[in-house]
**Q** 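First, the structure itself, so that you have it in front of you.
One-based numbering along the sequence shown.
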Amino acid sequence: MAQREIEIFLLTIDTEGRKVADNPENYSLIIAKLLSVVRRKNLQLKHIIIDRHFTWTSQIERFNHLVCRKLGGELFIEHVDSQQNSVVSLADFVAGAVREYYEDKNEIWKPLIGKRIVYEKKVSWRELRQQKR
């Protein structure tokens, strides 16, 4: 991470104690929201690598379709195992550090990734769902 020019975009979802179903509809809503911000900075974004979240092909295809529809264009979405891909494991590290910061007030990660954060927003699940409509 220290040797590359990495920009970090963070979207933290506050579920407010609610249970959020883990399905392609909900996950695509979150990812599309974050990618819409990334696209404002990089209009040529055509290919993303994402941690394999779903195992069934039908779920992956549904997720891909919903993200592309929400973004209003074509996007090649590559689903990979974070344990086998260093790019995705870096994203896992950042996500874990952010979770620790919000849940445990652990600020150890701030010096490591703070300078690389170009976008950070915390939104409630309820607010995000309302934006969908």
Side-chain angles (χ1 to χ4, degrees):
M1 190 162 97
Q3 297 170 351
R4 296 192 179 215
E5 290 186 35
I6 295 173
E7 295 179 324
I8 299 173
F9 294 78
L10 299 174
L11 178 63
T12 303
I13 309 299
D14 181 359
T15 62
E16 300 172 320
R18 292 181 174 87
K19 181 84 173 152
V20 177
D22 185 12
N23 59 42
E25 289 74 20
N26 289 341
Y27 193 52
S28 68
L29 180 62
I30 295 165
I31 297 301
K33 175 71 174 172
L34 185 57
L35 287 177
S36 70
V37 174
V38 174
R39 267 213 167 147
R40 281 186 232 138
K41 187 164 175 71
N42 181 357
L43 296 174
Q44 302 304 315
L45 182 67
K46 300 284 183 207
H47 178 200
I48 65 165
I49 299 171
I50 192 166
D51 192 2
R52 184 180 2 233
H53 189 80
F54 300 109
T55 52
W56 296 347
T57 303
S58 61
Q59 291 173 312
I60 293 169
E61 289 172 352
R62 177 84 176 136
F63 169 84
N64 290 354
H65 170 75
L66 291 169
V67 168
C68 289
R69 191 176 80 198
K70 287 175 179 122
L71 292 175
E74 288 297 314
L75 181 66
F76 178 69
I77 304 172
E78 186 176 352
H79 299 260
V80 300
D81 183 350
S82 64
Q83 307 235 327
Q84 297 176 354
N85 185 299
S86 61
V87 171
V88 179
S89 25
L90 176 59
D92 276 351
F93 165 77
V94 170
V98 171
R99 187 185 67 241
E100 277 193 28
Y101 174 75
Y102 281 113
E103 288 181 2
D104 303 328
K105 303 296 182 213
N106 181 349
E107 295 190 28
I108 292 173
W109 66 272
K110 276 275 192 193
L112 295 174
I113 65 172
K115 295 176 198 161
R116 301 187 183 278
I117 297 172
V118 296
Y119 174 85
E120 182 173 11
K121 183 168 184 171
K122 185 175 184 180
V123 64
S124 73
W125 176 247
R126 180 180 17 211
E127 182 183 338
L128 188 60
R129 293 278 302 173
Q130 287 173 349
Q131 291 174 8
K132 174 184 160 187
R133 297 180 188 136

**Q** Assigning hydrophobic clusters by single linkage (Ile, Leu, Val, Met, Phe, Trp, Tyr; side-chain heavy-atom cutoff under 4.5 Å), is V37 placed with L66?
**A** no
**Q** Check whether I77 and I31 end up in the same hydrophobic cluster, where Ile, Leu, Val, Met, Phe, Trp and Tyr are linked by side-chain heavy atoms less than 4.5 Å apart.
**A** yes
**Q** Testing the basics here: between L34 and L11, what is the closest heavy-atom pair and its distance to 0.1 Å?
**A** CD1-CB, 3.9 Å
**Q** Can you list the steps and then say if I48 with V67 is a side chain to side chain contact (heavy atoms under 4.5 Å, CB included)?
**A** CA-CA 11 Å; I48 65 165; V67 168; 5.5 Å; no
**Q** In terms of the angle between their ring planes, are F63 and F54 parallel, tilted or perpendicular, with boundaries placed at 30° and 60°?
**A** tilted
**Q** What do the steps show when you test Y101 against I113 for side chain to side chain contact (heavy atoms under 4.5 Å, CB included), and what is the final call?
**A** CA-CA 12 Å; Y101 174 75; I113 65 172; over 6 Å; no
**Q** Taking the side chain as C-beta and beyond, is there a heavy-atom pair between R62 and N23 under 4.5 Å?
**A** no
**Q** Between R39 and L45, what is the shortest heavy-atom contact and its length?
**A** NH2-O, 3.2 Å
**Q** For the atom pair CG (L35) and CG (L71), what is the distance rounded to the nearest 0.5 Å?
**A** 5.5 Å
**Q** What's the shortest heavy-atom distance between R129 and N26, and which atoms?
**A** NH1-OD1, 3.2 Å
**Q** So, do V118 and I8 sit near enough that their side-chain heavy atoms are less than 4.5 Å apart?
**A** no
**Q** Just one of R69, K70, K33 clears the side chain to side chain donor-acceptor pair (under 3.5 Å) bar with S28, so which one?
**A** K70
**Q** I'd like to know whether L10 forms a side chain to side chain contact (heavy atoms under 4.5 Å, CB included) with V94, so could you lay out the CA-CA distance, the side-chain angles of the two residues, the decisive distance to 0.1 Å, and finally the verdict.
**A** CA-CA 9 Å; L10 299 174; V94 170; 3.8 Å; yes
**Q** Working to the nearest 0.5 Å, report the span between CG of N64 and CD of E74.
**A** 10.5 Å
**Q** Roughly how far, to the nearest 0.5 Å, is the CH2 atom of W125 from the CD1 atom of I13?
**A** 7.0 Å
**Q** I would like to know whether H79 and H53 meet side chain to side chain contact (heavy atoms under 4.5 Å, CB included); could you show each step before the answer?
**A** CA-CA 8 Å; H79 299 260; H53 189 80; 5.9 Å; no
**Q** Please list all pairs meeting salt bridge (charged side-chain N to carboxylate O under 4.0 Å, His left out) that have one or both residues in residues 7-21, counting only residues at least two apart or in different chains.
**A** E7-K41, E16-R18, E16-R126
